[in-house]
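Everything below concerns the one structure shown next.
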Amino acid sequence: MKTILADLILSAARAVAPDVLLPPLSIDRCRDPRHGDFASNAALVLAKLVGRSPRGVAEALVALLPADDRVARVEIAGPGFINFTLSAGATLGTVLAVLQSGHGYGRSPAGSGARLQVEFVSANPTGPLHIGHGRGAAYGAALADVLEAAGHQVDREYYVNDAGRQMDILALSVWLRYLALGGQNPTFPPNAYQGSYVSDIARSLRERERERFDVPVCGTLLEAPVPDDEREEYLDALIEHARMSLGSAGWRIVHAAGLDTILDDIRADLHEFGVEFQSWFSERSLTDSGAVDRAIERLEASGHLYRKEGALWFRSSIFGDEKDRVVERENGQRTYFASDIAYHAQKLERGYDRVIDVWGADHHGYIPRVKAALTALGFDAERLEIQLVQFATLYRGGQRAQMSTRSGEFVTLRELREEVGNDAARYFYVMRRSDQHLDFDLDLATSQSSDNPVYYAQYAYARICSVFRQWQEANPGLAWSPPAQLEALSPLVEPEELALITELARYPEVVASAARAREPHQIANFLREASAALHAWYNNHKFLGVSPDGLEVARLTLAAATRQVLANALHLLGVGTPERM
RNA sequence: GUCCCGGUAGCUCAGCUGGAUAGAGCGUUCGCCUCCUAAGCGGAAGGUCGGCGGUUCGAAUCCGCCCCGGGACGCCA
C-alpha cells in the first residue's frame, strides 16, 4: 500500500515540478488515526524547489493526484502534509489477504533478496554456553529468520574454535583432573579451566580409558604456583609436557574428550533453545586443508607481512587499523587472527553477497583488523558486516544476580532456560536493541501477568484460540472458514477493529524494516502493539452470538487474521504459540 | 590517552535515513468481571529528549564542542 501511494504522489510531483530533479519523498503511517492512514511530506520537501508555499504545493499535488479506488480521502493538514485515508475496501482487504497468505503473510517471496550468511554464537567449546552466548544465540537466530522472511537466502553458521591454545588448555585441564582421579596430585593452575564440568569429562575419560593416561608426573607439576607474570608461559610449558608424556595419539584422545563432550552439550543446548545451524564450521579444518597457510602466503606475496622481534606481523595499520597485528607468534604458533583471516576469506569465496558476523561487543576492536586483512587479500570488505551484541545482566528481586567467571561458577544458558523457560528467554533477549546493555529481569520473565511481555502476546493468541474453541462447541461438526467476499467484513466499523486491522496491515512493513536494520526487536515491539490492539478490542466487544447475523462472521474473521499475524511474529522470534494458558 | 556505545517520564526502554501535540511497559493514582480467559481493559499525574552552538520551513533525530556513564585497546580467544 505504501508503494502504491508513493507512486501516486510521485506522478503528481512530476506534473507539479516537471523540471526539477525530485528529492526522495516519504510516505509514512500516521501516528494519529485522526490524520488518516498515511501521510506524505512531498509538499514540504518540494516547496522550496518550486518556490511556492508548502500548502500551495500541496493543493497542486492533490489536484493532480491520479484517482485510485483504494484511497477514500485526501486532505491537506498542518504545515502542508498530505494525508491519505484508505477506502473501506482497501482496509478490509488486508484481513482476507492475511488469511489467504497464512504463514506467508509478512514474508517477501523467497529468493527476492541477496544470499546471506549469518554466523553467530561461535563460542569456544571450552565450557557450557553462558547467558552472554544466549543473547547472541537468540539475536542471531531471530535475525536470520527475519532476513529469511524478508526474502533473503540465509545460511546459519557456527564457527567452531576447535584448534588453538584455548582448546589445548582445556585438554590440559581435563588431563590434570584425570590424574587427580588416579591418585596423583598435580598443581592445578589458576588460569586453567576450573569448572566442575572439566572433572566430569575427566571422570568419563577414566571410565572409558582406565589408567591409559596415568603417566607419572614430573616434579615441576607438583611445585608451588609460579609468579603471575609467568603464568601463561608456565601453562604453555605444561601443555608441551602433556603432549610429550601422552604422545600425539594420546593427546588427541584427551583433546577430543574435552572438545566432543562440550560441543555435543552446546549443540543440544542450542537445539533445545530452538536455535539451528546449517553448518558447524571447524577452525581446525582450515589448518588441516592448508587454507591458513595459503592466506598467509597470499599476504606475504603481496608484501603485507614483515618480521619483527621474531614474530610475523600483518601491516594492518595501512588499511585503517590502529596498529599492526601478529599472525604468527615468536614460538612459531599461529594466532587466532591468522585462522580468522583464512576463515573470512573463505566465507567470502563461498559466494555470499554478504556475510554477517554476530560478535560480543567486547570484540569491537577486532573489526578493523579483519576488514584490513580482507582488503589486503583483494576482497571488498564491505561484504563483511559485523553486528555487535552487548552482554545481558541478570536481575533478581531488584538485585543484580552476579556471575563470576573466575571461579567457574557462572550462570549458564541452560540454567537460565530452566528458570524462565525458552519462550521468555528468547523474547527477553531480543526485546531490546542488541547493541545495548540488557537488564534481564528474572522475576518479570517468570511472572504470569500482563507485565510480562511474552505472556501478554501469547495470551492474546490464546484468547483468540479460546473463542474459536467455543465457536466449535456451539457449532459441532462444522469447520470454520473465512468468507470469500469482502462484503462480509463490512460490519467491522468499530475504532478498535480499524486500529487492529491497521496493525495487521503494517506487519509486512515491520518485517522489512527489522531486516533492513538488522533489528529483531522491532518484531517484539510490534507484538506488544498488535497484542494491545487485540486486548482492547476483546474487552470492549463480544465476538460470539452477536447480532446482526453477519457481525459474528466478520469479527471471527478478523480474530482469525489477528491470530495468524501474532503466530507469524512469534515464530520469527522463536517463541511458542500456546492455544490455552 | 585513542577508539566504540550510551545519556529520552521515578525505573527499564522504544522512537534516531529530520516532520504534525515526544511514546510504551513498570511504578504512583482513580475506575472496570451476573459478560467469549481480569495472564485483560480504560482514565489521571509524570519530560528543559545531558548541556551549548550550528544546518533547516521544521531537530530527540544531522554536524561541532563540552559534561557524565559503560566498554575496548595482548605475540589471549
Side-chain angles (χ1 to χ4, degrees), chain A residues 24 26 28 30-32 34-35 39-41 44-45 47-48 53-54 77-81 83 122-124 126 161 164-167 169 191 232 283 308-313 322-323 325-337 339-340 360-368 388 390-391 395 398 431-433 435-441 444 447-460 462-471 473-474 496 516-517 519 521-522 524-525 528-529 531-532 534-546 555-556 559 580-581:
Chain A
S26 75
D28 289 305
C30 297
R31 271 187 231 159
D32 188 338
R34 285 172 305 184
H35 292 142
S40 172
N41 67 349
L44 297 164
V45 173
K48 195 168 191 182
S53 75
F81 288 102
N83 292 336
S122 299
N124 280 343
T126 52
N161 293 116
R165 185 162 175 270
Q166 293 304 315
M167 285 310 303
I169 296 172
N191 47 345
E232 298 303 320
E283 177 188 2
K308 191 179 86 180
E309 295 161 9
L312 193 59
W313 296 70
E322 283 180 4
K323 54 189 211 177
R325 309 289 175 176
V326 171
V327 292
E328 191 181 289
R329 295 203 274 162
E330 202 176 352
N331 64 10
Q333 277 193 333
R334 293 275 164 71
T335 59
Y336 172 88
F337 180 43
S339 15
D340 231 22
D362 54 336
H363 285 61
H364 81 82
Y366 205 76
I367 298 171
L388 297 177
Q390 292 280 358
F391 286 131
Y395 282 82
M431 73 180 178
R432 302 290 183 225
R433 293 177 62 96
D435 59 354
Q436 292 195 25
H437 288 283
L438 172 71
D439 286 342
F440 195 122
D441 185 336
L444 181 61
S447 82
Q448 304 207 341
S449 75
S450 60
D451 307 354
N452 184 339
V454 191
Y455 281 94
Y456 188 75
Q458 289 183 322
Y459 181 46
R463 268 184 152 176
I464 299 170
C465 292
S466 173
V467 169
F468 277 95
R469 274 196 301 275
Q470 291 178 48
W471 179 88
E473 281 172 25
E496 293 92 343
R516 193 179 337 108
E519 292 179 349
H521 78 270
Q522 291 188 22
N525 288 345
R528 181 177 40 70
E529 285 153 9
S531 304
L534 182 279
H535 288 309
W537 180 43
Y538 183 98
N539 268 308
N540 284 299
H541 304 284
K542 273 181 68 73
F543 306 163
L544 296 173
V546 288
R555 287 189 172 165
L556 286 176
R580 56 180 89 223
M581 293 172 73

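Hydrogens, waters and symmetry mates are skipped; everything else that's a heavy atom, side chains included, is used. Protein chains get the first letters and strands the later ones, always in sequence-line order, with residue 1 at the start of each.
Which of B/C76, B/C36, B/U12 sits closest to the side chain of A/Arg432 comes down to B/U12. Between B/G19, B/A39, B/U17, one nucleotide has an atom nearer to the side chain of A/Phe81 than all others, and that is B/G19. Taking the side chain of A/Ala39 as heavy atoms from C-beta on, and the options B/C36, B/C76, B/A20, the nearest nucleotide is B/A20. Taking only side-chain atoms of A/Trp313, from C-beta outward, the nucleotide of B/C13, B/C75, B/A24 with the closest atom is B/C75. Considering only side-chain atoms of A/Glu309, the nucleotide from B/C36, B/C75, B/A77 that sits closest is B/C75. If you check B/U21, B/C41, B/C75 against the side chain of A/Asp32, the one that comes closest is B/U21. The nucleotide whose nearest atom lies closest to any side-chain atom of A/Val45 is, among B/G19, B/A77, B/G15, B/G19. Across B/C41, B/G70, B/A39, the shortest atom-to-atom separation from the side chain of A/Asn539 is found for B/C41. For A/Leu44, taking side-chain heavy atoms from C-beta onward, the closest of the listed nucleotides B/G19, B/C76, B/A20 is B/G19.
The distance between atom NE2 of A/His535 and atom P of B/A24, rounded to the nearest whole Å, is 16 Å. The distance between atom CG of A/Asn41 and atom C1' of B/U61, rounded to the nearest whole Å, is 15 Å. The distance from atom CH2 of A/Trp537 to atom C1' of B/C41 is 15 Å, rounded to the nearest whole Å. B/U12 atom C1' lies 14 Å from atom NE2 of A/His437, rounded to whole Å. One interatomic measurement links the two molecules: NE2 of A/His364 to C1' of B/C5, which rounds to 8 Å at whole-angstrom precision.
With P as the reference atom, B/C62 and B/G25 are 26 Å apart, rounded to whole Å. Taking atom C1' in both B/C57 and B/G15, one finds a spacing of 23 Å when rounded to whole Å.
Within the 4.0 angstrom heavy-atom criterion, no nucleotide atom of any strand lies near A/Ala361. Nucleic acid contact for A/Asn83: base, since at least one base atom lies under 4.0 Å from a heavy atom of the residue. At a threshold of 4.0 angstrom between heavy atoms, the contacts of A/Arg555 with the nucleic acid are absent.
In this structure, OG1 in A/Thr126 is found 9.0 Å from CG in A/Asn161, a value given to the nearest 0.5 Å. Note: A/Ile169 CD1 to A/Glu232 CD = 6.5 Å, rounded to the nearest 0.5 Å.
By the 5.5 Å and 30° criteria, A/His521 is not stacked with the base of B/A14.
Minimum heavy-atom separation, A/Ala77 to A/Asn83: CB-ND2, 3.5 Å. Looking at every heavy atom in both residues, A/Ala311 comes nearest to A/Glu330 through CB-N, 4.1 Å. The heavy-atom pair separating A/Ala517 from A/Gln522 by the smallest distance is CB-NE2, 4.0 Å. A/Ala457 and A/Ser531 get closest at one heavy-atom pair: CA-OG, 3.3 Å.
For B/A20, one of the phosphate oxygens OP1 or OP2 lies less than 4.0 angstrom from a side-chain nitrogen or oxygen of A/Arg31. A/Arg329 has a side-chain polar atom (N or O) that falls below the 4.0 Å cut-off from OP1 or OP2 of B/C76. The side chain of A/Tyr456 places an N or O atom within less than 4.0 Å of a non-bridging phosphate oxygen (OP1 or OP2) of B/C41. Note on A/Lys323: a side-chain N or O is less than 4.0 Å away from OP1 or OP2 of B/G74. OP1 or OP2 of B/G15 has at least one side-chain nitrogen or oxygen of A/Arg433 nearer than 4.0 Å. A close approach under 4.0 Å does occur between a side-chain nitrogen or oxygen of A/Gln436 and OP1 or OP2 of B/A14.
Under the Watson-Crick and G-U wobble criteria, each requiring two contacts below 3.5 Å, nucleotide B/U17 is left unpaired.
Remark: the A/His363 side chain and the B/A77 base include a donor-acceptor N/O pair separated by less than 3.5 Å.
Taking syn as a glycosidic angle within 90° of 0, B/C63 does not qualify and is anti.
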